[in-house]
Amino acid sequence: MASQSVQGEGPTSSRWDGGEEKADFNAKRKKKVAEIDQALNSDPTDVAALRRMAISEGGLLTDEIRQKVWPKLLNVNTNDPSPVSGENLRQMSKDYQQVLLDVRRSLRRFPPGMPEEQREGLQEELIDIILLILERNPQLHYYQGYHDIVVTFLLVVGERLATSLVEKLSTHHLRDFMDPTMDNTKHILNYLMPIIDQVNPELHDFMQRAEVGTIFALSWLITWFGHVLSDFRHVVRLYDFFLACHPLMPIYFAAVIVLYREQEVLDCDCDMASVHHLLSQIPQDLPYETLISRAGDLFVQFPPSELAREAAAQQQAEKTAASTFKDFELASAQQRPDMVLRQRFRGLLRSEERTKDVLTKPRTNRFVKLAVMGLTVALGAAALAMVKSALEWAPKFQLQLFP
């Protein structure tokens, strides 16, 4: 009898539940917008609250809100005059030809259906933004993939504000990627395997035996996933998260993607080509909110300070690992993982047992369980700790809070 009642009420109940769910979603959204407005209008601006809103489920919700909040997260005063370029910037810049080539290849980063004339105008603005930032900051060196970050800001906040925001980002969060060499980029990538090792030693050891290294995650890291995700909504959601957190958060997010795909990886042949091919093809239907939450949890459980020694050891062991410095230089120049593979197959002799001896640690007391705290709108200790780490990382950001 009860079963008949449930079946008979099913469709009506489903419609009712759907209506309740939508109403609940709208109520939460409205509440979050109000909280963001309150943080923006407080005196001084409540940057910590804005960080919590950017991290929590749904992020900053709309580009209109991002236009107001992203400058606060980067401590950019929107009332300051826009940077002005010198004359003949394109003729004088040593990077112009490379920037031009990269921007011409960036068609997929613009919304589908955008009129060609509008897109071409934005591409010209994209070139000008990049060249202006490089001119004003001669210590910064252009890298392929930088334009993927700049175009995201251009599409969200427009040319004037994008220039100021990306300039600040380039001298802080992205600074390591803009050195003359890729040594610091390589070092950041070396955090990936220790994070995976803490959570899933079996997966870590499988990847080490396959000698896949970390080259598959290079474009993820240096473009903040902008180059590899096709849905712009997902890109800006991640930018909300990364802007609100410690600069190393993108490598934690890369780790949770690999962890999420654990079974796919373990089902692969244990060789570099197979695992690299799988991981370099990032799925477009990832559960982004779940992965953002998990990345935050991992950052709190295994902060960079605790992983630094393992990251350094990873770097020392790279004579037998896949991620050699030559690979990074080649990837930077070519942006083609298949080119890296071909080069490695020509010159690298496999030595699986030697790799295991060097890279596989004894397994003692490794019963690490991932506690999923969940970064909901009502944030808990994990999110608060992430916000605190972000505030402590760049205290200069917080000395000047806007009225």
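If you're wondering where the values come from, they're calculated on a predicted model, not measured in any experiment.
The OG1 atom of Thr185 lies 7.0 Å from the CG atom of Asp179; values are rounded to the nearest 0.5 Å. Put simply, CD on Glu125 and CG on Leu155 are 10.0 Å apart, with the number rounded to the nearest 0.5 Å. Rounded to the nearest 0.5 angstrom, Leu50 CG and Leu40 CG are separated by 5.0 Å. With values rounded to the nearest 0.5 angstrom, Asp128 atom CG is found 11.0 Å from Ile133 atom CD1. How far CD1 of Ile222 is from CE of Met178: 11.0 Å, rounded to the nearest 0.5 Å. To the nearest 0.5 Å, atoms CD1 (Ile188) and CG (Asp176) are separated by 4.0 Å.
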Evaluation steps, side-chain contact (heavy atoms from CB on, under 4.5 Å), between Ile257 and Arg261: CA-CA 6 Å; Ile257 290 178; Arg261 304 185 71 191; 4.3 Å; yes
Step-by-step salt bridge (Lys or Arg N to Asp or Glu O under 4.0 Å) determination, Asp271 to Arg209: CA-CA 8 Å; Asp271 61 73; Arg209 290 196 304 274; over 6 Å; no
Arg29 and Glu57: CA distance, side-chain angles, deciding distance, salt bridge (Lys or Arg N to Asp or Glu O under 4.0 Å) verdict: CA-CA 10 Å; Arg29 182 184 178 92; Glu57 185 177 0; over 6 Å; no
Candidate pair Glu159 and Leu154, rule side-chain contact (heavy atoms from CB on, under 4.5 Å), full reasoning: CA-CA 5 Å; Glu159 180 181 14; Leu154 174 62; 4.1 Å; yes
Derivation of the side-chain contact (heavy atoms from CB on, under 4.5 Å) call for Cys245 and Phe299: CA-CA 10 Å; Cys245 292; Phe299 183 90; over 6 Å; no
Stepwise side-chain contact (heavy atoms from CB on, under 4.5 Å) test for Asp197 and Gln208: CA-CA 10 Å; Asp197 192 23; Gln208 295 288 42; over 6 Å; no
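Formation of a donor-acceptor pair under 3.5 Å by the His276 side chain with backbone atoms of Met272 is not found in this model. Judged by distance alone, with hydrogens and angles left aside, the side-chain atoms of Ser93 form no donor-acceptor pair with the main-chain N or O of Leu89 at under 3.5 Å. The backbone N or O of Ala244 sits less than 3.5 Å from a side-chain atom of Arg51, completing a donor-acceptor pair. A donor-acceptor contact shorter than 3.5 Å is absent between the side chain of Lys72 and the backbone of Ala39. No donor-acceptor distance shorter than 3.5 angstrom exists from the side chain of Thr45 to the backbone of Val47, with no hydrogens or angles considered. Between the side chain of Tyr252 and the backbone N or O of Asp297 there is no donor-acceptor pair closer than 3.5 Å.
Qualifying salt bridge (charged side-chain N to carboxylate O under 4.0 Å, His left out) partners for Asp24, counting only residues two or more places apart in sequence or in other chains: Lys28. Residues passing the side-chain hydrogen bond (donor to acceptor under 3.5 Å, both in side chains) test with Ser230, sequence neighbours excluded: Gln284. Shown here are the ring-ring contact (aromatic ring centres under 6.0 Å, His included) partners of Phe216, two or more places apart in sequence or in another chain: Trp220. Residues satisfying the ring-ring contact (aromatic ring centres under 6.0 Å, His included) test with His234, not counting sequence neighbours, are Tyr288. For Asn200, the side-chain hydrogen bond (donor to acceptor under 3.5 Å, both in side chains) partners are Glu262, not counting sequence neighbours. For Asn137, the side-chain hydrogen bond (donor to acceptor under 3.5 Å, both in side chains) partners are Glu167, not counting sequence neighbours. With sequence neighbours excluded, the residues that form a side-chain hydrogen bond (donor to acceptor under 3.5 Å, both in side chains) with Tyr146 are Ser170.
Taking 4.0 Å as the cut-off between side-chain N and carboxylate O, Arg105 and Asp102 count as a salt-bridged pair.
The two residues Leu165 and Leu74 have their closest heavy-atom pair at O-CD1, 3.7 Å. The heavy-atom pair separating Leu140 from Leu134 by the smallest distance is O-CD2, 3.9 Å. Contact record, Leu192 with Ala217: CD2-CB, 4.2 Å, taken as the closest heavy-atom pair. Closest non-hydrogen pair, Leu266 versus Glu202, comes out as CD1-OE2, 3.9 Å. Shown here for Thr223 and Ile149, the closest heavy-atom pair between the two residues is O-CG1, 3.5 Å. Of all heavy-atom pairs spanning Leu278 and Cys268, the tightest one is CD2-SG, 3.6 Å.
Within a 6.0 Å radius of CZ in Arg104, other residues, nucleotides and ligands contribute 12 heavy atoms or fewer. For Gln281, the CD atom is densely surrounded, since the number of other residues' heavy atoms within 6.0 Å is greater than 12.
Side-chain contact between His147 and Ile130: present, with at least one pair of heavy atoms (C-beta onward) separated by less than 4.5 Å. The closest side-chain heavy-atom distance from Thr62 to Ile65 is below 4.5 Å. For the pair Asn41 and Asp37, the minimum side-chain heavy-atom distance is below 4.5 Å. You'll find the side chain of Phe206 reaches within 4.5 Å of the side chain of Val275, heavy atoms only. Using a 4.5 Å heavy-atom threshold, the side chains of Glu124 and Val103 count as separate. For the pair Ile36 and Lys32, the minimum side-chain heavy-atom distance is below 4.5 Å. Proximity of Leu174 to Tyr143: side-chain heavy atoms (C-beta onward) are separated by under 4.5 Å at one or more points. Looking only at side-chain heavy atoms (C-beta outward), Leu238 and Ile292 come within less than 4.5 Å of each other.
Within the structure, ring pair (Phe, Tyr, Trp, His ring centres under 6.0 Å) contacts touching residues 254-275 (residues at least two apart or in different chains) do not occur. Within the structure, every pair that satisfies the salt bridge (charged side-chain N to carboxylate O under 4.0 Å, His left out) test and touches residues 143-152, not counting sequence neighbours, is listed here: Arg109-Asp148. Applying the ring pair (Phe, Tyr, Trp, His ring centres under 6.0 Å) test to every pair with at least one member in residues 106-137, sequence neighbours left out, gives no pairs at all. The ring pair (Phe, Tyr, Trp, His ring centres under 6.0 Å) contacts involving residues 38-81 comprise Trp70-Phe153, where partners must be two or more places apart or lie in separate chains. Residue pairs satisfying the salt bridge (charged side-chain N to carboxylate O under 4.0 Å, His left out) criterion with at least one member in residues 228-248, sequence neighbours excluded, are listed as follows: Arg66-Asp240, Asp231-Arg233, Arg237-Glu289.
Using the six-membered ring where Trp is involved, Phe253 and Phe241 have ring planes that are perpendicular, over 60° apart on the 30 and 60° scheme.
Between Thr181 and Lys186, the side chains place no donor N or O within less than 3.5 Å of an acceptor N or O (distance only, hydrogens not considered). Side-chain atoms of Gln263 and Asp267 form a donor-acceptor pair, as typed in the model, at a separation below 3.5 Å.
Between Phe242 and His173, a ring centre-to-centre spacing not shorter than 6.0 Å is recorded.
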